[in-house]
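To keep things clear, I will list the structure first and then write my remarks on it.
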There are 2 protein chains.
Amino acid sequence: MKAFELPIALRPPEGPNPCERCALRTNPAFIDIPQEQRDAIQSFRRGSRRVDAGGAIIREHRASTQLFTIYSGWAFRFKTLSDGRRQILSFLLAGDFIGLQDEFADGQTHGVEAASEVHLCVFDRADLWTMFHTQPRLGYDITWLAAREEKLVDDNLVTAGRRNASERVAMLLMHIYRRARHAGLEREGWVHFPFQQQHIADALGLSLVHTNKTMRRLHHLGLYRIERGWLRIQDPQALETLGDYFERPVRPTPLV
Amino acid sequence: MKAFELPIALRPPEGPNPCERCALRTNPAFIDIPQEQRDAIQSFRRGSRRVDAGGAIIREHRASTQLFTIYSGWAFRFKTLSDGRRQILSFLLAGDFIGLQDEFADGQTHGVEAASEVHLCVFDRADLWTMFHTQPRLGYDITWLAAREEKLVDDNLVTAGRRNASERVAMLLMHIYRRARHAGLEREGWVHFPFQQQHIADALGLSLVHTNKTMRRLHHLGLYRIERGWLRIQDPQALETLGDYFERPVRPTPLV
DNA sequence: CGTCGTATTGATAAATCTCAAGCAGCGTGG
DNA sequence: CCACGCTGCTTGAGATTTATCAATACGACG
């Protein structure tokens with residue numbers, strides 16, 4: 001079986017008590033929580049939503065009235081300048097919590113777009129204060145997720161600001177690979193990679209052409225392979241060193 | 001009286017009930033809160049700290065056991081690559097809350113450095129969960145601040161990734177000016193600006209020399225002035241347009 | 001087979017970086 | 001009081017990186 005023949009789009013459970021049968025909960029990447037907290041989260045859950053690749057999860061400049069947890073698939077946050085230049089701010093995958101910023105941004109918000117078919121669990125933003133008030137643990141976990149998200153953006157800012165083209169690509173490939181693997185999405189060394197070169201260029205702050213030439217070079221050195229939407233890291237050490245990007249093993253993450 | 005003759009370093013009140021006499025509380029930039037919440041915050045407060053310009057508030061790669069609220073002065077968060085290249089992630093001023101990320105980052109942290117003399121209110125990170133648990137409102141406000149901080153980094157990432165040198169400088173000047181003014185720190189059109197060109201270069205992802213030449217050009221066009229550590233925007237509209245950086249009026253901010 | 005979107009490649013232009021040097025302010029020691 | 005040394009700002013020249021333009025290739029799909 002080839003990795004790229006695996007199914008990717010995983011749907012959240014339907015029917016009563018969906019959170020009971022949540023596939024992410026059994027994933028060791030996420031912190032296990034007592035029944036009571038699980039019930040609390042389920043009480044705030046308003047259903048699920050599916051977005052196809054390329055579809056908008058949250059439109060730019062428009063405050064969303066909903067919050068989402070990604071259940072499966074890859075998405076990304078982005079902003080565009082008025083002449084169309086786009087910057088991808090961070091990539092999102094299973095377990096990431098979306099939409100918090102909108103609460104405070106008065107419409108000056110980023111957009112969120114699906115890079116592959118994405119399934120989401122939906123919450124009402126109007127419930128946010130109730131979540132904090134009645135379930136402080138939930139509030140703490142949301143803050144945890146927000147802080148982690150900021151750390152990701154910090155790293156991307158270092159990349160865009162201070163790394164050259166090869167270092168940027170190396171860093172990005174390792175970053176995507178590690179995040180997917182941590183979330184338990186690696187299959188025989190491959191992880192799902194539905195991004196086009198334009199996405200990579202927009203994430204790294206490079207032009208499409210230069211991104212292509214740089215990726216070609218690293219590919220030719222045998223550092224990685226991308227085939228039919230799947231990524232494999234051939235020489236992790238070389239990419240880590242080139243990108244000056246090392247990461248300690250990550251602790252389990254809260255899941256809302 | 002020239003603006004640059006004004007005192008800048010404001011010390012937090014000493015003695016019993018310091019939060020009662022907190023100068024930031026009377027600032028309309030910050031949300032007014034009931035006595036009870038103020039008492040709660042004070043009960044977590046562990047004192048104050050002064051850091052001179054250039055001093056470290058939090059050392060890079062080292063998890064801080066404390067959390068801080070900036071009381072006065074300018075600071076900045078940064079990361080360095082192993083060969084010394086430095087990226088400034090965001091600037092910090094009165095009301096900003098520091099150190100949250102460290103809770104989750106396992107030592108992979110940014111540093112925080114004072115750009116001018118800085119005064120801080122100190123909290124124990126060990127109290128963080130108690131804060132959320134006993135004072136959900138406080139937890140909510142901390143999340144608010146974390147989300148706003150992430151929005152700042154988002155904007156900086158767009159700048160480093162997709163703006164050219166002139167646009168970057170224009171954006172940065174307007175950004176600093178607006179934040180200081182929102183915090184009530186503007187005096188006759190001037191705001192305190194203790195940054196060197198190296199700071200600006202490191203924030204924008206440019207070399208020092210190119211930063212200098214670009215700033216010179218905008219200065220020569222009469223768009224701004226920097227004198228003795230104070231900044232004045234001469235042509236806000238031109239800088240806004242050049243930087244493609246518009247901001248709506250900002251609501252009052254929570255203060256911890 | 002034609003069409004479309006994406007990937008690839010070469011040639012050239014533009015932006016940015018690096019190196020090197022000079023200048024100005026400022027605190028210090030003689 | 002002044003020469004000295006230090007730090008930060010400024011400027012020019014040339015090297016390097018990255019962007020832009022233009023053309024082709026390739027694969028999916030109707």
Side-chain angles (χ1 to χ4, degrees), chain A residues 4-5 52-55 81 83-88 113 115-116 159-173 193-221 224-231 242-243, chain B residues 4 52-55 74 81 83-88 113 115-116 159-173 193-221 224-231 242-243:
Chain A
F4 31 75
E5 288 163 5
D52 285 327
L81 295 176
D83 65 357
R85 281 175 286 179
R86 180 174 76 165
Q87 177 66 41
I88 289 182
E113 185 176 314
S116 64
T159 297
R162 287 303 185 204
R163 278 185 246 250
N164 67 28
S166 300
E167 295 167 346
R168 292 185 206 197
V169 170
M171 188 277 193
L172 179 96
L173 293 174
F193 190 90
F195 307 107
Q196 303 174 352
Q197 294 190 347
Q198 186 67 64
H199 292 123
I200 301 174
D202 288 345
L204 299 180
L206 296 170
S207 73
L208 175 60
V209 174
H210 198 61
T211 300
N212 175 281
K213 290 175 178 170
T214 306
M215 289 185 71
R216 221 78 266 297
R217 195 158 46 241
L218 300 194
H219 183 264
H220 193 253
L221 291 171
Y224 76 95
R225 286 165 63 192
I226 291 177
E227 287 169 27
R228 298 190 237 180
W230 290 78
L231 163 70
L242 178 56
Chain B
F4 31 74
D52 286 326
W74 275 109
L81 295 176
D83 65 357
R85 282 175 284 179
R86 179 174 78 166
Q87 177 66 41
I88 289 182
E113 186 177 313
S116 64
T159 297
R162 287 304 185 204
R163 281 186 244 248
N164 67 29
S166 300
E167 296 167 345
R168 292 185 206 198
V169 170
M171 188 277 193
L172 179 93
L173 294 174
F193 190 90
F195 306 107
Q196 303 174 351
Q197 295 190 345
Q198 186 66 63
H199 292 123
I200 302 175
D202 288 346
L204 298 181
L206 296 170
S207 72
L208 175 60
V209 173
H210 199 58
T211 300
N212 175 280
K213 289 174 179 171
T214 306
M215 290 185 69
R216 222 78 266 297
R217 194 159 46 241
L218 300 194
H219 183 264
H220 193 252
L221 291 171
Y224 77 94
R225 286 165 62 191
I226 291 177
E227 289 170 23
R228 299 192 238 178
W230 290 78
L231 163 70
L242 177 56

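Computed from a prediction, not measured in an experiment: that's the story for all the values here. Just so we're on the same page: letters track the sequence lines, and every chain starts at 1. Just the heavy atoms: all of them, side chains too, but no hydrogens, waters or symmetry mates, feed the values below.
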Closest heavy-atom pair, B:Ala53 versus B:Ala115, reported as atoms and distance to 0.1 Å, is CB-O, 3.6 Å
Ordered by number, residues from residues 203-216 of chain A within less than 4.0 Å of DNA chain C (heavy atoms) are A:Val209, A:Asn212, A:Lys213, A:Arg216
Expected list for residues 162-170 of chain B near DNA chain C, using heavy atoms below 4.0 Å, is B:Asn164, B:Ala165
Of all heavy-atom pairs linking B:Thr211 and B:Ala201, the shortest is OG1-CB, 3.2 Å
Result for ring-ring contact (aromatic ring centres under 6.0 Å, His included) between B:Trp74 and one of B:Phe195, B:Phe193, B:Trp230 points to B:Phe195
Residue pairs passing the salt bridge (charged side-chain N to carboxylate O under 4.0 Å, His left out) test with at least one member in residues 196-207 of chain B, sequence neighbours excluded, are A:Arg162-B:Asp202, B:Arg86-B:Asp202
Please list every donor-acceptor pair under 3.5 Å in which a side-chain atom of residues 164-172 of chain A meets a protein atom from a residue at least two apart or in another chain.
residue  : atom : partner  : partner atom : Å
A:Asn164 : OD1  : A:Ser166 : N            : 3.2
A:Asn164 : OD1  : A:Glu167 : N            : 3.0
A:Glu167 : OE1  : A:Asn164 : N            : 2.9
A:Glu167 : OE1  : B:Arg85  : NH1          : 2.9
A:Glu167 : OE1  : B:Arg85  : NH2          : 3.3
A:Glu167 : OE2  : B:Arg85  : NH2          : 3.1
A:Arg168 : NE   : A:Arg163 : O            : 2.6
A:Arg168 : NH1  : A:Leu204 : O            : 2.6
A:Arg168 : NH2  : A:Ala160 : O            : 3.3
A:Arg168 : NH2  : A:Arg163 : O            : 3.1

Rounding to 0.5 Å, atoms CG (B:Leu206) and CD1 (B:Ile200) come to a distance of 10.5 Å
DNA chain C: first to last nucleotide in contact with chain B (atom under 4.0 angstrom from a heavy atom), 5' to 3', is C:dT16 to C:dC19
Nt span of DNA chain D in reach of chain A heavy atoms at under 4.0 Å, 5' end first, is D:dT18 to D:dC21
For residues 212-220 of chain A, run the donor-acceptor check on the side chains, cut-off 3.5 Å, and write out each pair with its distance to 0.1 Å, sequence neighbours left out.
residue  : atom : partner  : partner atom : Å
A:Asn212 : ND2  : A:Gln197 : OE1          : 2.8
A:Thr214 : OG1  : A:His210 : O            : 2.7
A:Arg216 : NH2  : A:His219 : ND1          : 3.4

